[in-house]
Structures are given as structure tokens and as C-alpha cells.
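Hydrogens, waters and symmetry mates are skipped; everything else that's a heavy atom, side chains included, is used. Worth saying up front: this structure is predicted, and the values here are computed from it rather than measured. Throughout, protein chains are lettered first and strands after them, A, B, ... in sequence-line order, and every chain is numbered starting at 1.
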Protein chains: 2
Amino acid sequence: MQDVSIPSRLSIGQYLINRLIDYGIKDLFGIPGDYILSFYGMLEQSPINVVGCTREDNAGFAADAYARLNGLGALCVTYCVGGLSVCNSIAGAFAEKSPVVLISGAPGLNERVNNPLLHHKVREFRTQFEVFDKLCIAACELKDANTAFAEIDRVLDAATRYKRPVYIELPRDMVNVVPTNPYQFEFARVEPDPASLAEAIRESVLRLKSAARPMILAGVEIHRFGLQDLVIQLAEKMRIPIAATILGKSVVGETHPLYVGLYEGALGESQVTQYVEQSDCLLMLGTFMTDINLGINTANLNVQNCIYATSEQFRISHHYYQHIPLEQYLNGLLQQDLPICNRPVPPRLPHIENVEEKIEPDAPLRISKIIKLVNEKLTANNIVIADIGDSLFASLELVVHERTDFISPAYYTSMGFSVPATLGACVARPRERVITICGDGAFQMTGTELSTIVRYGYAPIVIILDNHGYGTERFLHAGDWKFNEIHSWRYSLLPEIYGSGKGYYVADESAFAQAFNDAISDNSCVQIIHAKIAEGDASQTLLRLAERMSKTV
Amino acid sequence: MQDVSIPSRLSIGQYLINRLIDYGIKDLFGIPGDYILSFYGMLEQSPINVVGCTREDNAGFAADAYARLNGLGALCVTYCVGGLSVCNSIAGAFAEKSPVVLISGAPGLNERVNNPLLHHKVREFRTQFEVFDKLCIAACELKDANTAFAEIDRVLDAATRYKRPVYIELPRDMVNVVPTNPYQFEFARVEPDPASLAEAIRESVLRLKSAARPMILAGVEIHRFGLQDLVIQLAEKMRIPIAATILGKSVVGETHPLYVGLYEGALGESQVTQYVEQSDCLLMLGTFMTDINLGINTANLNVQNCIYATSEQFRISHHYYQHIPLEQYLNGLLQQDLPICNRPVPPRLPHIENVEEKIEPDAPLRISKIIKLVNEKLTANNIVIADIGDSLFASLELVVHERTDFISPAYYTSMGFSVPATLGACVARPRERVITICGDGAFQMTGTELSTIVRYGYAPIVIILDNHGYGTERFLHAGDWKFNEIHSWRYSLLPEIYGSGKGYYVADESAFAQAFNDAISDNSCVQIIHAKIAEGDASQTLLRLAERMSKTV
């Protein structure tokens with residue numbers, strides 16, 4: 001990725017397309033608009049597959065999910081009415097370190113003389129740039145042919161280096177401009193400090209050797225930086241148990257014999273929580289210390305016993321090392337004479353064991369039962385996408401077989417992420433079967449992206465958990481509030497609107513089991529299961545969470 | 001509005017609610033979320049009616065339309081996942097001078113110690129504030145009890161003074177805080193310069209007296225500042241003809257005998273264009289010189305002959321006056337000895353005369369025919385809302401009977417404005433019948449807000465012009481581009497999803513005429529008319545626009 005193509009008579013638009021392809025972009029999401037039409041024309045004639053979405057923010061969520069699976073995602077929209085519609089999606093990608101390239105059209109430079117009131121303009125021509133400068137790790141306006149190629153390379157490098165979104169603004173009269181100056185761009189070089197790295201590794205090994213109960217806690221950066229192989233090598237070499245954070249879920253295939261489960265502080269299964277908190281050397285790899293990862297600050301981890309290694313910070317106990325790249329650190333550790341850990345992994349928790357569930361006919365439908373029934377059918381060929389609220393909490397109990405096959409906005413928690421993310425996952429992994437779990441409130445926000453899923457012929461299974469509103473909030477703020485209620489939809493009829501798909505309405509255990517079986521069997525089209533949940537039902541995690549959060553909301 | 005209530009033991013949340021009510025807010029739009037739940041609870045127990053929407057950006061559009069009809073609108077959302085979802089709606093309100101109050105929750109101040117990674121946080125706790133500081137005319141964070149009341153008054157005053165959106169961020173642990181310090185806020189005072197005002201009025205009267213063909217061109221600010229009465233008084237006193245800009249449409253009831261029509265430069269009816277451009281004294285009142293208002297810069301107005309008066313600028317010919325408030329200027333003019341103008345108003349254009357349209361059975365459905373059939377039925381009891389693209393261009397030919405009964409984002413042109421705006425208009429004017437004209441691409445973006453319209457029992461008529469995609473773009477960028485195509489929906493079945501409403505699918509003239517008649521007759525529920533447009537059809541205005549724009553896109 002560090003090679004710089006030497007352009008010959010390429011236009012700025014064409015160079016941007018070439019570099020996106022170099023960085024692994026095969027598909028791109030978005031909606032055209034008049035300030036970006038020339039570039040859309042260029043894209044349509046390029047090898048990049050352009051996936052038209054119903055809304056720009058959905059394109060942003062789709063690009064985010066695509067980035068999580070593909071290593072980089074991209075979307076392309078028009079000026080302000082398009083760009084400012086994706087602020088929230090891009091903010092989520094920033095918060096959860098998903099490298100998304102946002103390309104926006106803009107008025108031509110030659111149209112800006114005397115600052116006219118051109119349509120789509122908000123305040124100044126630069127207003128949109130200034131907004132995304134706050135929400136992205138790097139941003140550029142391609143206003144100068146002399147620097148345009150270097151600016152493209154700078155921001156794409158930043159996206160992959162930091163795994164955060166970047167912003168590229170392309171005035172419509174610059175798309176076809178061919179720079180004439182010699183191109184140069186010096187990639188920023190980051191070199192570890194060898195002495196510092198050696199000491200950090202030496203101290204880590206000493207800690208691991210002297211520990212009686214060491215273990216690994218793996219987090220989201222292991223997904224993002226593609227370090228799953230190194231982590232599993234390390235675990236297998238030391239025979240050391242691994243837990244994952246919520247945002248890191250599926251960083252290790254969850255059927256791996258060294259996998260203990262998800263660590264969620266006081267919100268999680270007490271068996272896993274105790275196992276992690278009793279560790280006297282916790283090797284935390286690429287974990288974010290978010291409130292949700294920390295079980296809404298119920299985690300009880302003793303910093304004294306932690307080795308905390310992320311792309312941004314390296315700390316052992318209470319002291320810090322600088323310039324310790326995560327990948328070099330893992331490689332360095334692997335080359336050491338490492339101790340063998342014989343700490344036994346606890347037996348599987350009974351409720352996530354793969355035993356056939358008994359169905360009680362006509363029993364009201366409970367979320368925990370849905371999860372057990374889904375769990376029974378999960379295979380290595382599935383990707384699971386969970387929206388926020390109880391969709392997330394319940395899905396945490398699913399056993400995801402393959403690495404990085406679980407996607408959820410478990411830190412930024414933007415409601416409505418899941419259906420557009422389903423599109424992104426289908427595009428990135430067309431051969432895998434996506435299973436999506438989504439609340440009714442979330443579905444009403446962004447569920448129209450099913451239209452695009454139908455249009456391109458994908459066949460995910462979308463389970464809508466209907467608790468007639470913002471169910472999680474009922475547990476967070478006591479009282480019988482009207483504002484948590486939403487309008488009832490007949491979701492199972494949506495295939496008639498979109499012209500394809502199969503819909504199911506289920507309200508008891510046996511009906512759900514039957515519908516889910518049918519949905520698994522039918523991969524010819526999208527399957528929508530409207531699951532009417534028993535009144536007042538919630539996952540155990542939500543009940544534990546609610547108890548904690550009700551004190552601060 | 002300039003009175004300051006003296007609070008006694010009011011909390012910050014309660015003071016905010018009281019001031020919203022003082023400023024005329026009876027209804028508020030939004031979606032709850034955990035950083036704003038306490039305030040939502042307070043709202044639910046207040047006299048303000050909270051309208052829950054499906055998406056935050058839709059709540060923003062609804063609040064914008066409500067503001068255009070009510071004088072001020074408001075929405076309330078949670079931190080970042082909610083707030084950053086309304087950037088585009090708020091940007092549109094800024095661009096088109098609609099006073100919308102955006103209230104956002106935020107993490108409590110006591111949760112921010114050591115800058116933790118709390119869910120919904122993007123970068124810094126202040127990131128969302130910094131974004132809206134760019135998109136609003138005034139913004140505040142209510143972090144200090146000593147200044148909170150004054151800050152609330154400052155931003156609400158700015159919203160009504162400048163007719164632009166404002167931002168209020170309310171940390172969740174400040175909602176119930178009761179300030180103990182004496183409250184004071186000095187409203188900014190703006191006083192006209194009497195000598196400057198007198199000279200501007202004197203020069204205006206001289207110009208009007210010496211002109212042979214004077215006329216008024218009225219714009220959007222006349223709506224926003226509620227100056228319709230003054231403008232019509234002025235016109236009637238002088239018997240001077242009036243035209244309106246596109247964004248100003250319906251600033252005067254369009255059946256008024258002095259009303260000439262809409263001025264749209266070379267894009268408009270040539271009869272109106274010539275009439276305006278031949279004026280030797282054009283009194284431009286509250287008009288925005290946007291590209292679309294100027295007929296995509298085809299306007300041919302001689303500055304030498306113009307008196308240009310807006311809230312921001314006052315110019316006669318090529319010289320400027322400062323500190324000339326628009327309202328005082330109009331009042332001042334009205335007190336003068338004004339000339340009587342005897343310039344005849346041209347006869348109504350034949351295609352907008354209210355004559356019964358002939359229906360050709362089975363004739364393919366053309367946009368111009370739809371507009372004529374709608375025109376026949378329009379009464380003073382209708383509000384017309386047009387989305388962008390050909391929905392707007394075609395709707396410009398409608399004759400809107402009452403003032404400020406036409407709403408369209410005719411400058412910012414954000415696709416998808418119309419359906420959520422329909423909700424906002426229904427809430428603001430429950431006794432009027434809203435007729436909405438919307439493209440299929442726009443409907444797919446935000447049409448789910450029909451759910452809320454159904455939920456609250458409103459009965460607008462929504463006409464979806466189906467040209468299988470982004471039809472306007474086909475005219476702007478020649479070529480048979482796939483990216484302009486969208487997925488087909490069976491819109492007329494949507495009532496089955498939402499549980500109420502009547503749907504019609506029509507593809508020829510007689511079917512449309514019948515469906516529209518039925519829809520007008522049935523005001524028991526929402527009416528959705530899916531109008532399949534003849535292939536390649538477009539309004540005359542779009543054809544003229546396309547010819548101009550294709551040169552720059």
C-alpha cells in the first residue's frame with residue numbers, strides 16, 4: 001500500500017478512483033447529486049461497483065460495515081444536502097475506528113466568485129469542510145491541481161493508518177483537471193523506538209512468567225488492524241485463555257477451546273467476570289475502555305495487574321511506554337521464550353451450549369429463547385449484525401463461529417445501524433449469510449435500506465424484535481412514559497412494498513422456531529421475521545444494565 | 001416577547017420549557033435517548049405536545065415546516081447519535097431562514113471527569129457543540145447554573161431576531177438544577193439610524209414617483225418576518241403590481257388582482273419575466289438572490305433600477321444604506337404620500353386559469369396535467385408542500401390562494417424534505433388540508449414519516465411522482481446513467497404497513513383525476529397517490545433549467 005503510482009495524464013477524479021482501487025475498494029455506496037454527477041459518471045465507467053442507497057446516512061452505515069469486513073469502505077455524496085446527512089454515520093465510524101472514505105462533491109471553484117448564494121450552500125462554501133474536519137481524522141479540499149494527488153494520498157494513508165474516517169471534497173470543476181506538475185508525496189514514517197520496545201516486551205514476559213492466572217482480553221483494534229492471527233498464535237503458544245470485550249466480540253472464533261467468553265463487568269455472566277477479574281496478569285490487546293465495554297463502569301480490573309496495549313497507548317501497571325506499535329509488540333512477544341499457562345478454561349456456560357432447545361407451543365416469545373434458537377443454527381457461514389439496545393445485549397450471548405463475523409455499534413450505539421450495515425456486509429461478503437437482529441424503533445429509522453438489499457438480490461435474515469417502542473429506555477428511566485411508544489407497523493408485509501422477500505409475523509415460541517427454520521432454508525430472497533416480544537420481556541444483560549444506569553440518566 | 005419572566009425556584013429544564021411556551025411553541029418534534037430522558041419526562045408533563053418521529057432528521061424537517069407556519073419551531077434529541085443526525089435539517093433551516101430551536105441532551109458534567117469514553121461520544125465532549133456552532137446563528141451549552149437562564153434567552157432571542165436555527169445543549173445533570181443567583185439578561189437592542197432611514201425612504205419615494213413601470217418583487221423574508229400585511233397594504237395603496245420569487249411563492253395570495261406571478265428569470269413564463277425585467281423601479285422586498293431564485297443566474301435585472309431591501313442589506317441602485325430594518329422601512333414608506341401606479345397587471349396566463357381540464361382517458365400521465373388537475377381543486381383551505389426537483393418546478397404553476405400556504409426548500413433543495421414537512425404543517429395547522437408533491441427518490445429517503453402522520457390521525461394528500469429515479473439529474477447530466485435509477489416500490493400499499501390510509505396507483509389521466517377527486521373527498525385518513533409518470537416527461541421549467549445547468553454540472 002506504500003507504493004505511489006506515478007500518474008501519467010490522469011485527471012484528479014481518475015487518480016482518486018485508481019487509489020481507491022489500490023487500497024482495496026471494490027464497491028462504494030452513495031447517492032448522486034448535481035455537484036458530483038461528473039464524478040459519478042467516471043465511477044460508473046470504472047471497475048468500482050457503485051451501490052445506490054435510499055438515504056445518504058444509510059450509505060454511511062453500509063460503508064462502515066463494509067470497512068469492518070474489507071479493511072476500508074467508501075461512500076460518495078453531493079454537497080451539503082448529501083454530506084451533512086452523513087455526519088452521524090461518519091461520527092460513528094470515528095468513534096469505533098472504522099476506516100471510511102467520504103467523498104463529497106462541491107460547487108466548482110469558478111462558480112464561487114463574489115460568494116454567491118448557490119443552492120445547497122449553508123453559510124460559507126467551507127462550512128461542510130469545517131464540520132468534517134471535526135468528525136474525521138484527516139480532511140482535504142481538492143482545490144489545487146498541484147497538491148491534489150498528494151492530498152488524496154495523505155488522507156487515504158491516514159484512514160488506513162489510524163482506522164478512522166477521512167473526508168475528500170471534490171469541486172465539480174476539478175474532477176477532470178489533469179495536473180501537470182511532477183507528483184510527489186512522502187508518506188509519514190513511524191518507527192518504533194527499539195530500546196523502548198525491547199524493554200516493554202521484556203517486562204511483559206516477566207509479568208506473564210510470574211503470574212499464576214494470566215489471560216488475554218482482546219478488543220476492537222484486533223479486528224481493525226487485522227491482528228487476529230497474531231493474537232491467536234500468541235494464545236495458542238502460551239495456552240493462555242482469551243476473553244473479548246463487547247466491541248471486540250468475535251475477535252476470536254467463539255468456539256475456540258481457549259475462548260472464555262465476553263467480559264462485561266458486572267453486566268456479564270458472573271463466571272466470566274470473576275475469571276477475568278481474578279487474573280493476576282491481564283494482557284489487554286487493542287481494547288477500548290468505553291463505558292459499555294467496562295459494563296457501564298462496573299468493571300473491577302486492577303490496573304496494577306494489567307498490560308494495556310493499543311495502537312494509541314501502551315501501559316504496564318501504572319507506567320507508560322511510548323512508540324510501541326501494537327503489531328510489532330505482538331510479533332516481538334511471539335519471538336520470546338514464553339511461559340506455558342495451565343490455567344483451565346471454565347466449561348461452557350449451559351445456556352450457550354449448543355443443545356437443542358425445547359419449544360413450548362404457544363409460549364409467549366422471549367428474547368432469550370430467540371437467541372437460543374438462533375444459536376442452534378449458527379454456522380461458520382453466518383455474519384451476525386446487531387443493532388443497539390436489547391438487540392445488542394441479547395446478541396452478546398450468540399456463539400459466533402468465525403473471526404470478525406459479529407458487527408455492532410457497541411460503543412457509539414447509533415440506533416438504526418443494523419439494516420444498512422446488513423447491506424454493507426452483503427456487498428462485502430456476498431457468499432455469507434447475514435443474520436440481523438434489530439429493534440422496532442431502530443428498524444423504523446433506517447429499514448428502508450431493505451429496498452436496496454432486495455434490489456441487488458441479497459438474502460439476509462432480518463429479525464425485528466418488536467416491543468412497541470424504545471424498550472431499553474423503559475428500563476433506564478422509570479415511569480410509564482408515552483415518549484417511548486412508537487407506531488405499530490406490519491413489518492412482515494414489507495416484501496409487498498419492495499417486490500421481493502418473505503415476511504413472517506410470529507408471537508410465540510413455536511411460530512418463531514418454524515419461521516426461523518424456514519428463513520434459514522430459503523436463501524433465495526430477504527427474510528423478514530417480525531417477532532412480537534412478550535410484554536415487559538428483556539434480556540438478562542439489559543436488566544442488569546438498567547439497574548446500573550437508572551442511577552445516572 | 002421582550003419580557004423576561006422572573007423565575008422563582010425554576011430548574012433550568014423548567015425555565016427552558018417556560019420560555020419555549022412564551023415564544024409560541026405549542027408542539028415539539030423529536031426522539032428520546034438516554035442523555036435527554038429526564039428532560040423528556042419534564043416535557044411530557046408540560047403543556048407542550050411532543051410529537052415522536054421515526055428519525056431525528058425528519059423531526060428537524062418537521063420543526064422547520066412548523067417554524068415557517070408558526071413563527072418558531074423546536075426539536076429535542078439525544079447527544080450525537082441524535083444531534084449529529086439533524087445536521088442537514090438544521091443546515092437547511094439556516095440556509096432558508098427558518099427559526100428552529102434544536103435542544104440536545106449531553107453527558108452530565110459529573111460524568112466527564114478524566115475524559116472517559118462514554119457511549120455516543122465522537123471525539124471530544126464538545127465536538128457536537130462545535131459542529132452546530134457552524135450550522136446555527138447562536139449556540140450554547142448550559143453548563144453553568146449562573147448563566148443558564150441568560151444563555152437560553154440569548155439564543156431564543158437570536159432565533160427570532162435573525163430567523164435562523166439555534167442550538168441548546170443540556171447536560172443531563174443540569175436539567176433539574178435550580179439557579180440561586182439573581183437572573184439578568186439584557187436583550188440586545190438594535191435601533192435604526194433615523195436620519196439614514198429618512199433618507200432611504202425619501203429616495204425610494206422619489207424613485208417610485210419618477211418611474212413609469214414600478215413594481216414589487218417580494219421574497220422569503222416577508223414570510224419569515226410576518227410582513228405580509230405591510231407588503232399588501234403598500235401594494236394596494238399604490239396599486240402597484242407584485243411578483244414573488246420562487247422561495248417567496250405565496251407571500252401574497254396568488255389570486256390577488258395585483259399579483260403578476262412568479263419571477264424565475266429565463267426559466268419562468270416569458271410574460272412574467274418580461275414584465276418584471278421591464279420595470280424601471282423594482283422594489284425588491286426581503287428577496288434572497290439565490291441561484292434558483294435568479295432562474296439559475298438567468299435573471300436580467302438592472303441594479304440601477306432596483307431598490308433592494310432585506311433584513312441584512314439595503315441598497316438603492318449601486319449605493320448602500322446601513323441600519324434600515326425592513327419593517328420600519330415598510331412602515332415608513334406607508335406613511336408617505338405615495339404615487340399611484342397605473343401599470344396594468346397582465347391577464348392570467350391561460351394554463352393557470354381555473355378552467356376545467358379536459359381528461360383524455362388512458363392518456364399517459366404528464367406532470368403538467370397533474371398540476372392542472374390539482375389546481376382546479378385548490379382552495380383557501382389547502383397548504384401545498386413541494387419536494388425538490390420536478391416536484392418543485394411543476395408546483396410553481398399552482399395557484400396558492402392564501403398567504404404562506406406554499407412550502408418548499410427552494411434554495412437549499414434537500415431531497416426528502418416534503419413528507420416530514422407535511423407532518424410539521426399538519427401539526428401547526430390541523431384544520432387545513434395539506435397537499436404534498438414528492439418525487440419517488442425523495443419519498444424513499446424520508447417517506448416513513450407517513451407512519452407518524454397516520455399515528456396522530458392527520459389526513460394529508462401525498463402525491464408521489466414516480467419517474468423511477470432521480471429524474472431531474474437525467475436532464476442535468478446527459479447520458480443513460482444507471483446511478484439515476486432507483487428500486488420500484490408499491491407505494492400505494494403503504495397504508496397496509498402503517499395500519500391506516502388510502503392508497504392509489506394511477507398511470508393515466510383519468511385514473512389520476514378520479515383518485516385525486518376521491519382523495520379530496522376523503523379526509524378521514526392519509527391519501528397516498530402513486531402517480532406513474534409518462535416516460536421522459538418533465539415540466540417545462542425543468543426542461544428550461546436543464547438546458548442551462550447542463551453547461552456547468
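Of all the listed residues (A/Ser414, A/Pro107, A/Gly105), the one sharing the greatest number of non-hydrogen pairs under 4.5 Å with chain B is A/Ser414. Chosen from B/Arg164, B/Gln444, B/Lys134, the residue pairing most often with chain A at heavy-atom distances under 4.5 Å is B/Lys134. When the candidates A/Gly82, A/Gly30, A/Cys87 are compared by the number of heavy-atom contacts under 4.5 Å with chain B, A/Cys87 comes out ahead. When B/Asn88, B/Asn484, B/Asn293 are compared by the number of non-hydrogen pairs under 4.5 Å with chain A, B/Asn88 comes out ahead. When A/Glu96, A/Glu130, A/His120, A/Arg490 are compared by the number of non-hydrogen pairs under 4.5 Å with chain B, A/His120 comes out ahead. Listed options B/Glu124, B/Met289, B/Lys482 were ranked by heavy-atom pairs under 4.5 angstrom with chain A; first place goes to B/Lys482. The most heavy-atom pairs under 4.5 Å with chain A, out of B/Leu118, B/Asp57, B/Val86, B/Thr448, come from B/Leu118. Per-residue counts of heavy-atom pairs under 4.5 Å with chain B were compared for A/Gly52, A/Ser85, A/Ala93; the largest is that of A/Ser85. Of the listed residues A/Tyr411, A/Phe288, A/Tyr491, the one with more heavy-atom pairs under 4.5 angstrom with chain B than any other is A/Tyr411. The choice from B/Ile497, B/Thr413, B/Thr446 that makes the most heavy-atom pairs within less than 4.5 Å of chain A is B/Ile497. Between chain A and the residues B/Asp291, B/Thr290, B/Leu84, the most heavy-atom pairs under 4.5 angstrom are made by B/Asp291.
No salt bridge links B/Asp480 with B/Arg474; every basic N to acidic carboxylate O contact stays at or beyond 4.0 Å. Remark: A/Lys97 engages A/Glu312 in a salt bridge, criterion side-chain N to carboxylate O under 4.0 Å. Between A/Glu111 and A/Arg172, at least one side-chain nitrogen of the basic residue sits less than 4.0 Å from a carboxylate oxygen of the acidic one, meeting the salt-bridge criterion.
In this structure, the portions of A/Leu493 lying under 4.5 Å from any heavy atom of chain B include both its backbone and its side chain. Interface residue A/Tyr470: only side-chain heavy atoms are found under 4.5 Å from chain B. Proximity to chain A involves both the backbone and the side chain of B/Glu485, based on heavy atoms less than 4.5 angstrom apart. For A/Asp133, the part lying near chain B is the backbone, with the side chain staying farther off; criterion is any non-hydrogen pair under 4.5 Å. For a residue to count as touching a neighbouring chain, one of its non-hydrogen atoms must lie under 4.5 Å from one of that chain's; by this rule A/Cys76 does not touch chain B. With a 4.5 Å cut-off on non-hydrogen atoms, A/Ile90 does not touch chain B at all. Neither the backbone nor the side chain of A/Pro116 comes within less than 4.5 Å of any heavy atom in chain B. A/Gln128 does not touch chain B: none of its heavy atoms, backbone or side chain, sits under 4.5 Å away. In this structure, chain A has heavy atoms under 4.5 Å from both the backbone and the side chain of B/Leu494. Interface remark: A/Glu473 contributes backbone and side-chain atoms alike to the contact with chain B (heavy atom separation under 4.5 Å). Of the two parts of A/Leu294, neither the backbone nor the side chain holds a non-hydrogen atom closer than 4.5 Å to a non-hydrogen atom of chain B. Only the backbone of A/Ser488 comes within contact range of chain B, judged by heavy atoms closer than 4.5 Å.
One finds the NE2 atom of A/His119 at 11.0 Å from the OH atom of B/Tyr412 (value rounded to the nearest 0.5 Å).
With hydrogens and angles disregarded, no donor-acceptor distance shorter than 3.5 Å links the side chain of A/Asn58 to the backbone of A/Cys53. Within the 3.5 Å criterion, the main-chain N or O of B/Leu109 finds a donor-acceptor partner in the side chain of B/Asp173. Between the B/Tyr40 side chain and the B/Ile31 main chain, a donor and an acceptor come within less than 3.5 Å of each other.
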Decide yes or no on side-chain contact (heavy atoms from CB on, under 4.5 Å) for A/Glu56 and B/Met445, but give the supporting numbers first.
-> CA-CA 8 Å; A/Glu56 284 93 351; B/Met445 284 189 165; 3.5 Å; yes
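The shortest side-chain heavy-atom distance between A/Val51 and A/Leu423 falls under the 4.5 Å cut-off.
The local environment of OH in A/Tyr162 is sparse, with at most 12 non-hydrogen atoms from other residues, nucleotides or ligands closer than 6.0 Å.
Between the side chains of A/His477 and B/Asp34, no donor N or O sits under 3.5 Å from an acceptor N or O.
Taking the six-membered ring for Trp and the full ring otherwise, the centers of A/His530 and A/Phe443 sit at least 6.0 Å from each other.
Taking A/Thr472 as the reference, nothing meets the side-chain hydrogen bond (donor to acceptor under 3.5 Å, both in side chains) condition, with sequence neighbours excluded.
Nearest heavy-atom pair, B/Leu37 versus A/Leu476, reported as atom, atom and distance to 0.1 Å: CD1-CB, 4.2 Å.
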